[in-house]
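Here the structure comes first, spelled out in C-alpha cells, and everything after it is commentary.
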Amino acid sequence: MSRIYVKKMQKGFKLTIDSIASDKSISHRAAMFSLLSDKASTIQNFLEAEDTLNTLAIVEKLGAKIERGREHVTITPPKQIQEPDNVLDCGNSGTGMRLFCGLLGGVKGFFVLSGDKYLRNRPMARVAKPLRSIGVKIDGREEGSKAPLAIRGNTKLKAFDYQSPISSAQVKSALILAALRAEDSCTITEPELSRDHTERMLKGMGADIKSSYQDGAYKVEVSPLHAPLKPLDITIPADPSSAFFFAVAAAIVPNSSVRLVNVSLNPTRIEAYKVLQKMGAQVEFIKKEDRYEPIGDIVVEYAPLKAVEVKEHIAWLIDELPALAIAMAVAKGKSIVKNAKELRVKESDRIKSVVENLKRCGVEVEEFEDGYAIRGGKLQEATINSFGDHRIAMSFAIAGLLSSMEIEDVECIATSFPNFISLLRQITEVSYGD
Ligand code: S3P
C-alpha cells in the first residue's frame, strides 16, 4: 500500500494542461460498442488506465483483435462474440461490469464477470433484475445481486418498457444494449437524464435510438438491430471528471488559473464546473468541435469562494462531488449536498469517505443519508484514508495544495488517471512513501 505526501503551495500557478486522462466513460463504451459492428473501429486517445484496459482485455477475450498503436487502438470485431474460457475481470469498474451484463445478456454463451473486492461489494441487482425479467439467466452472490455474476445469454430477449427508479447511465446503457438484441422495440425511462454517451455513440454508429422528455422524465426508444452497426471512428476527449481536480486546484489556490484542453463539454458532464462558477470562481467554456460530443477548453481562475447548495442535477455531477467538497471546505459559509444517496454505492461509500476525511482535516461537517453539510474554513494537515477510491485520493491530494496532506493507499488513482501525480508535480512537490 503506497502513500503520497503533497506539499502545501507557497504561491499560485498558471498552467495549460493538454494531457488530462481521456474520458473513462467514452473509452469503456468505444471498446465495447466496437463489438456491435462487422468492421474495424478506430479509437484515438483511448484511456490507458486500469479500468478501461480491463474492458479492452475483455473485448479481446470475446474474440476481437486489438491492435494498439502509439495514439490509437484498432478493434476488429469477431464475426460472432465468442464464449470465453475463463472469468472476465472488470477490475474496479462498475461501468465495465454493468454494461457487459447488458451487452452479453443477448449473446449466446456463458459469461462470468468478476472484479476486485470493492466491485464485488457493489449492487448489481439494478441491472440483473431487469435483465432477468426479459429472459437473461443471470445469477450471483447474495440472491444474484453481487459479483461474481454468471450470465447465460439469451438470443431471444423479450421486448420491454423499463422505468428505472434511479438516474443511472450504467443501468440505462445496460438496458439499451440488451434492447438492441430484443424481439421488438423497447423503451427505457429514467427520472432525470443521466450521462448520454451511449445514446450519442450508438446513434453515430447508425442505431435507431430516439430520446425525448415525457412527463418530466427522460425516455429512450430503441429498435432492435437487424444488421451490424457502422464502426466507430472516434477521438476520445479529455475526461471532465478527471480535469475537475485541476479546476478545483485553480479555484482554491489564490493567484491561480488553469486551461484544461480538449475536454468533453457534454452538458451531462460539466455541471460541477457550473457549481464552481456559482461559488464565485471564474469559469469559461470554449467550444472547439462537435463529434459525437461537444469538445473544447475549460478555463478556471481563482476567486474567493462562497458556499453553495447542491440538490439538483445530481446525476450530472455525481463523480465530481468529492472534489467539490474540497472547494466547499474552503468556501465562506455552509454548503449543502442533498439527494445524492447514489454516492453511497460508488467505488467507496463516498458520503462516509468525504465526511470522515474532512473531519480529519478539522472541517465542521454533518452527514446525511443522502449527502452532507460542510462549514467552510481552513483545512488542517492530515493523513487521509482513500478507502481504495481513486476520486477520494485525488480530491484530498488537491486539498494538499492548501495545507500539506498525506494520502494513504493511492494505487487506486491508476484506475482512471495514471498521470495525475506527474501533473500535480507541475504545481507542487509530491513525494512517495510505503
Ligand atoms: C458512469 C456512470 C455513472 C458514474 C460512473 C460512470 C458511466 O454511474 O458515476 O463513474 O460511465 O456510465 P451511474 O450510472 O451508476 O450513476
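Keep in mind that the numbers below use all heavy atoms, side chains included, and drop hydrogens, waters and symmetry copies. Order of listing sets the numbers, starting from 1, for every ligand and every atom in it.
- Looking at Arg195 against ligand 1, only its side chain comes within 4.0 Å, counting heavy atoms.
- For the side chain to side chain donor-acceptor pair (under 3.5 Å) test with Ser173, the passing option among Thr95, Thr198, Asp196 is Thr198; the others fail.
- Heavy atoms of Arg29 approach ligand 1 to within less than 4.0 angstrom.
- Short contacts between ligand 1 and Ile318, defined as distances under 4.0 Å to a heavy atom of the residue, involve ligand atoms 9 (O).
- Note: Tyr273 and Phe244 have perpendicular aromatic rings, judged against thresholds of 30 and 60 degrees for the angle between ring planes.
- Polar contact with ligand 1: present for Ser25 (N/O pair, distance under 3.5 Å).
- Thr95 OG1, 3.4 Å is the protein heavy atom nearest to atom 6 (C) of ligand 1.
- Within 6.0 Å of atom NZ in Lys352, 12 or fewer heavy atoms from other residues, nucleotides or ligands are found, so the atom counts as exposed in its surroundings.
- Around atom 4 (C) of ligand 1, the closest heavy atom drawn from Leu321, Asp319, Asp196 belongs to Asp319.
- Looking at Lys137 and Asn154, their side chains never bring a donor and an acceptor atom within 3.5 Å of each other.
- Checking only distances, Lys24 never comes within under 3.5 Å of ligand 1, N or O to N or O.
- In summary, the aromatic rings of Phe396 and Phe245 are positioned with their centroids too far apart to meet the 6.0 Å limit.
- Of the protein's non-hydrogen atoms, Ser168 OG, 3.2 Å is the one closest to atom 15 (O) of ligand 1.
- A cation-pi arrangement is not found for Lys219 relative to Tyr213, the charged atom failing to lie both closer than 6.0 Å to the ring centre and inside a 45° cone about the ring normal.
- Using a 4.0 angstrom heavy-atom cutoff, Lys346 counts as in contact with ligand 1.
- Shown here is Gln44, whose CD atom has more than 12 heavy atoms of other residues, nucleotides or ligands within 6.0 Å.
- What sits closest to atom 1 (C) of ligand 1 on the protein, heavy atoms only, is Gln170 NE2, 3.5 Å.
- The nearest pair of heavy atoms linking Leu99 to Leu177 is O-CD1, 3.6 Å.
- Below 3.5 Å of separation, one finds no N or O of Arg391 facing any N or O of ligand 1.
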